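Below: one structure, written as structure tokens.
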Amino acid sequence: ATKENIDIKAPSFRATLGRDKASFSFKVKSDTLKTNVTLYGNANVKSDTFALAFHDSFITIEKQKWKLKQNCQITFNPNNQYLFVDSLAFRYHNQALLLRSKTINPKKVVQELDIVKFSIDSIPKVFGLAAYKLGGVIDGNLAVTNVFDIEKLTSNVKIAKLKAMDIVL
């Protein structure tokens, strides 16, 4: 399918279903965005709680293969608005994006995103902003307490060598 000059190659989704569980694979590719997504994992359902665990998964952007940490898991319960992420990490060489949860008490869960040496020039390629010639390196973290009602939001993000249109800011 093509929409607004973005091609999406025939996506594939395969699943093997069992009682309260499934294994799955999902693949999609876009030549326009020079992106390929391949996800493999398992899903478990208990009562109204869903858990996804990923293995051997990756996203390729402009020949950069961002690998997903083995066996990272996301647990979600829509009824009591519970979300817990166990080390969802994407890595490409020395760059990393790591999302994880930590429980303060049974009613307070903090979602933390750590950004390590993330090169800004990866962003324009995906979103069609290459003409802006963005650059720089992001390091830091963001944290949200109780993501469903955003009780608290904190951040400590630094950008080194920020540039746009080849002008260093």
Side-chain angles (χ1 to χ4, degrees), residues 1-101 109 111-138 140-144 147-148 150 157 164:
T2 301
K3 182 175 177 172
E4 299 177 14
N5 298 325
I6 297 173
D7 69 316
I8 303 295
K9 300 293 181 185
S12 72
F13 179 77
R14 295 181 185 184
T16 303
L17 303 175
R19 182 183 166 115
D20 298 332
K21 62 183 176 180
S23 60
F24 65 88
S25 69
F26 172 77
K27 297 179 183 180
V28 67
K29 182 178 181 179
S30 170
D31 289 339
T32 307
L33 296 176
K34 297 181 182 174
T35 301
N36 175 18
V37 177
T38 301
L39 301 175
Y40 296 102
N42 300 306
N44 292 300
V45 179
K46 291 183 182 173
S47 183
D48 54 1
T49 301
F50 306 91
L52 293 174
F54 297 95
H55 58 84
D56 302 319
S57 299
F58 60 90
I59 296 174
T60 304
I61 303 168
E62 290 272 337
K63 299 181 183 175
Q64 294 180 1
K65 188 173 185 178
W66 288 77
K67 293 182 181 178
L68 188 58
K69 181 182 176 197
Q70 288 288 85
N71 300 316
C72 56
Q73 185 167 317
I74 301 169
T75 305
F76 176 64
N77 182 316
N79 292 334
N80 65 11
Q81 296 186 329
Y82 178 79
L83 174 67
F84 193 88
V85 180
D86 182 7
S87 299
L88 182 68
F90 283 97
R91 295 189 184 280
Y92 174 72
H93 296 303
N94 65 343
Q95 299 180 71
L97 300 172
L98 171 63
L99 181 61
R100 64 177 172 252
S101 301
V109 178
Q111 309 301 332
E112 297 178 329
L113 174 65
D114 289 329
I115 306 164
V116 180
K117 298 180 181 177
F118 182 75
S119 178
I120 294 172
D121 67 359
S122 298
I123 298 169
K125 295 170 187 171
V126 176
F127 295 104
L129 303 172
Y132 295 104
K133 301 178 184 175
L134 300 175
V137 177
I138 302 173
N141 57 57
L142 303 165
V144 177
V147 71
F148 294 97
I150 307 184
V157 177

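Since this is a predicted model, take the numbers as computed values, not measurements. What you see below is based on every heavy atom in this structure, not just the backbone, and it leaves out hydrogens, waters and symmetry mates. Each residue takes its place number in the sequence, starting with 1.
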query: So, do Phe58 and Asn36 sit near enough that their side-chain heavy atoms are less than 4.5 Å apart?
result: yes
- prompt: Taking all atoms of both residues into account, what is the closest heavy-atom pair of Pro11 and Val28, and its distance?
  reply: CB-CG2, 3.9 Å
statement: To the nearest 0.5 Å, atom CD of Gln111 lies from atom CG of Leu88 at 10.5 Å
query: Is there a side-chain contact between Ser119 and Tyr92 (heavy atoms, below 4.5 Å)?
result: no
statement: Separation between CD1 (Ile115) and CG (Asn141), nearest 0.5 Å, reads 8.0 Å
- request: For residues 63-88, pull every pair meeting salt bridge (charged side-chain N to carboxylate O under 4.0 Å, His left out), keeping only residues two or more places apart or in separate chains.
  value: none
task: Using side chain to side chain donor-acceptor pair (under 3.5 Å) as the criterion, point out the one residue from Asn77, Thr75, Asn80 that pairs with Thr49.
output: Asn77
task: Give, for atom CG of Asp121 and atom NZ of Lys133, the distance between the pair rounded to the nearest 0.5 Å.
output: 13.0 Å
task: Determine whether Val116 and Leu98 make a side-chain contact, defined as any pair of heavy atoms from C-beta on separated by less than 4.5 Å.
output: no
- request: Work out which heavy atom in Leu83 is nearest to a heavy atom in Val109; give both atom names and the distance.
  value: O-CG1, 3.6 Å
query: Is there side-chain contact between Val137 and Ile120, with at least one heavy-atom pair below 4.5 Å?
result: no
- prompt: If we only count heavy atoms from C-beta on, is the Phe24 to Leu52 side-chain gap below 4.5 Å?
  reply: yes
query: Which pairs, with at least one residue in residues 12-24 and sequence neighbours excluded, count as a side-chain hydrogen bond (donor to acceptor under 3.5 Å, both in side chains)?
result: none
query: Measuring from Arg91:CZ to Leu68:CG, what's the distance to the nearest 0.5 Å?
result: 10.5 Å
- request: Please report the shortest heavy-atom distance between Lys117 and Gln95, naming the atom on each side.
  value: O-CG, 2.9 Å
message: Does any part of the side chain of Thr35, heavy atoms only, come nearer than 4.5 Å to the side chain of Ile59, both counted from C-beta?
response: yes
task: Looking only at non-hydrogen atoms, find the nearest pair between Ser57 and Tyr40 and report the distance.
output: OG-N, 2.8 Å
Side chains of Asp114 and Arg100 in contact at under 4.5 Å (non-hydrogen atoms): yes
- line: On a heavy-atom basis, the closest approach of Cys72 and Ser87 is CB-O, 3.0 Å
statement: Residues pairing under salt bridge (charged side-chain N to carboxylate O under 4.0 Å, His left out) where one sits in residues 44-60, two or more places apart or in two chains, turn out to be none
message: Taking the side chain as everything from C-beta on, heavy atoms only, tell me whether Ile74 gets closer than 4.5 Å to Phe54.
response: yes
